[in-house]
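As the structure is a prediction and not an experimental result, all values here were calculated from the model. Atom set for the values below is all heavy atoms of this structure, side chains included, hydrogens, waters and symmetry mates excluded.
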Amino acid sequence: MDIHKIFAIFVRWLWLLVLGAVIAGAAGFLLSSRQTPMYQANTRFVVLRAASTGYYDYYSYIDYQQLISTYTQLLTTDALLAQVSQEVGFEVNEGQASAEQIGETQFVLLTVTMDNAQKAAIVANTLISVLIDQNEQLQSVRYETTEQNLQQRANDALTQIDILQNEIDQISSDTLDQQLTEVIAQIDSLQSQVTDLEIKISGIDPLTASEAETSQLIRYQAEFDQVQPTLDLYQEIYTQLVVMREPMQNEYISSTQIYRVQRTLDLYEQIYFNSISSLEELNLTRVQSAPNVVQVEPAKAPSQPYAPRPVQTTILYSSIGLLSMAGLVFLVEYLDDTIKTPEDVKAVLNLPVLGLIADMKGSFIEKGDHKNTIFVAEQPRSPITEAFRSLRTSLDFYSIDEPLKLVVVTSPGPEEGKTTIAVNLAVILAKSNKKVLLLDADLRRPNVHNKFDISNRVGLSDLIRGRLSVSDVLQVSEQFGNLSVITSGSLPPNPAELLASNKMTELIDQLKQAFDIIVIDTPPSIVTDPQILATKSDGVIYVLKAGKTRSLMAQKPLEEFARVGAQIIGVVMNKIPKNRDYYYGGFYYYAPSSQNKDKYYRSTQTEKIEEDEKTNSGNHNSD
């Protein structure tokens, strides 16, 4: 499909494209104008990496990106939104807040959409504030168990310190066995903790561990470094109590007992201070390993609503309507197999185009008393009449050595204007000073007598039956002296048999002797009548209705004509729409815009034109 054909389709369907765009645009405008105005408040925050993160490789990068995604999803959780709703004093729904990471950066964009600009800004800022609090709580949970253990150990050591101090002050009578029992219990507890930490540490490979696993490994190692010295101290206490075991029976023994209790007290004090130190180190580790959430810029109340946007919505809907109509046009054109242009005739039928006749519908001759008049007679200067003159010239040049004597006019189907073509062609031929006979051979639905407003009481069917002679049925036109008409006459029950009879052949030979050219109007080619007459003629004029005749319907009769050996002169494209000026071969005077000038068509110079035609009748090719 070339660019000219595409442009022609665009021009032909422009009204539908514009209509679709206008209707869709109006619907979009009405829809957007009735929507409640919505406002969007935006704020950005950044998720900073933990300070303790050292070596930064590809896996660390993936973990960090996943961490940002986690915080992005956390902003839209029901728990967080419920807490925000409680703080701001009105309900915040899940669909009103959305967050997305900005590219591959550390920044996250938070957007809150509400029907109130101030509320949208308040909710956005409150969400960030609640997220920062939630972040601190999440990081506290990671070290909560270790912190509790260290705190419990410090409390236990402090309790033991108080007990031992009381023993020193009161020279407690507790036996050494009781002290050993207590120390053994402490050793068992610490040994269990050490074993558990060793198992956890050995289960994490530092080379392949993720950021989260690395953080856990640091925490386990810190706990191990804190518990192991305590265990060593308890083992030393145990060793001293076992090795130095002596009964206390005198003052010396009492002094020794006090000394040993004092040493135990010192050990517990050391345990207490170690636990306190481990707690401080744990808090430092927690601070260093926790990602930090920082709001970069606070949300501000927007001055303009985010939606609706009537102008943008109207443009969008208009575009959708235009594209939808374009798709519909493409589908219609794709499924349309009608013959619309001379190029289609040549491509589908492989026949020349003899004439291009515009649609006569709407011209003044179809109004009032002029309804049954002949177009070329009433409008001799119109482009349509000029097209018939061009058709006459094409027939004159068709065979110079043996001029056409008998021409059959037919069409693939009904309502394609074959009778109109035959009548106007006969009149235009008569104007060239030829003796012309128009024979109505449509013995099924004749219409020639209506065009000339003459009687059809007798005609061709009576001639074939031998009831009347040619002079009895021949009607000479009063307006066109060179034109004679033989109507169909009464309608027979067997028209095909009459037309195929020898009597019809003899009649045609007789008429050829009396007239220069005979134009025969026949029924559509869906019946056999045109094929019968085509075998008796010099050629067939095939009339198509532009844009209505389907390709298959036009091809099938041609096969029948070829089978009987009929000669197809060419195609006349009829009823070409007035908005298809490209059908007129590029001649400006064929432009449909000129056809509306009835005053131009009904010029008082009509008689002069007819006189000029008679003057030039000696040269038929002058047209």
Side-chain angles (χ1 to χ4, degrees), residues 1-32 310-351 353 355-363 366 382-384 387 411-417 420-421 542-555 571-598:
M1 185 179 294
D2 57 18
I3 188 65
H4 300 288
K5 192 170 183 179
I6 294 175
F7 181 75
I9 293 174
F10 171 78
V11 172
R12 185 165 68 252
W13 291 100
L14 181 61
W15 66 272
L16 182 61
L17 299 177
V18 173
L19 180 63
V22 169
I23 293 176
F29 179 80
L30 292 176
L31 181 64
S32 61
V311 176
Q312 291 86 339
T313 303
T314 301
I315 295 175
L316 176 61
Y317 274 64
S318 297
S319 301
I320 294 174
L322 180 65
L323 293 177
S324 300
M325 291 301 103
L328 179 61
V329 168
F330 174 80
L331 180 62
V332 170
E333 290 291 334
Y334 179 77
L335 297 178
D336 184 12
D337 63 343
T338 59
I339 298 176
K340 295 179 286 294
T341 64
E343 290 76 13
D344 294 340
V345 173
K346 296 176 183 178
V348 176
L349 304 181
N350 195 25
L351 291 174
V353 177
L356 301 169
I357 310 301
D359 191 1
M360 303 177 192
K361 185 177 181 181
S363 62
E366 292 186 351
S382 75
I384 297 177
S411 62
E415 306 298 332
E416 300 197 37
T420 301
I421 296 298
Y542 203 45
V543 180
L544 304 179
K545 187 175 181 180
K548 298 296 181 181
T549 304
R550 302 177 69 89
S551 300
L552 183 61
M553 186 177 179
Q555 288 174 328
V571 173
V572 173
M573 299 188 69
N574 189 31
K575 297 185 178 181
I576 299 175
K578 293 182 179 180
N579 61 345
R580 314 289 175 85
D581 46 330
Y582 59 86
Y583 280 132
Y584 301 96
F587 296 102
Y588 176 77
Y589 57 84
Y590 270 80
S593 58
S594 300
Q595 297 189 21
N596 295 328
K597 302 176 182 178
D598 290 344

Under the side-chain contact (heavy atoms from CB on, under 4.5 Å) test, residues paired with [X] that sit two or more places apart:
X	value
I23	L19
S324	I320
K545	E416, K548, T549, K575

For a quick test of reading the model, state the closest non-hydrogen atom pair linking [X] to [Y] and the distance between them.
X	Y	value
P412	Y542	CG-OH, 3.3 Å
I357	A387	CD1-CB, 3.6 Å
S318	A21	OG-O, 3.3 Å
A554	L544	CB-CD2, 4.1 Å

Rounded to the nearest 0.5 Å, how far does CZ of R12 lie from CZ of F7?
-> 12.0 Å
Is a donor on one side and an acceptor on the other found under 3.5 Å between the side chain of [X] and the backbone of [Y]?
X	Y	answer
T338	K340	no
S551	D337	yes
E333	I9	no

Considering only heavy atoms from C-beta outward, does the side chain of L335 approach that of V332 to under 4.5 Å?
-> no
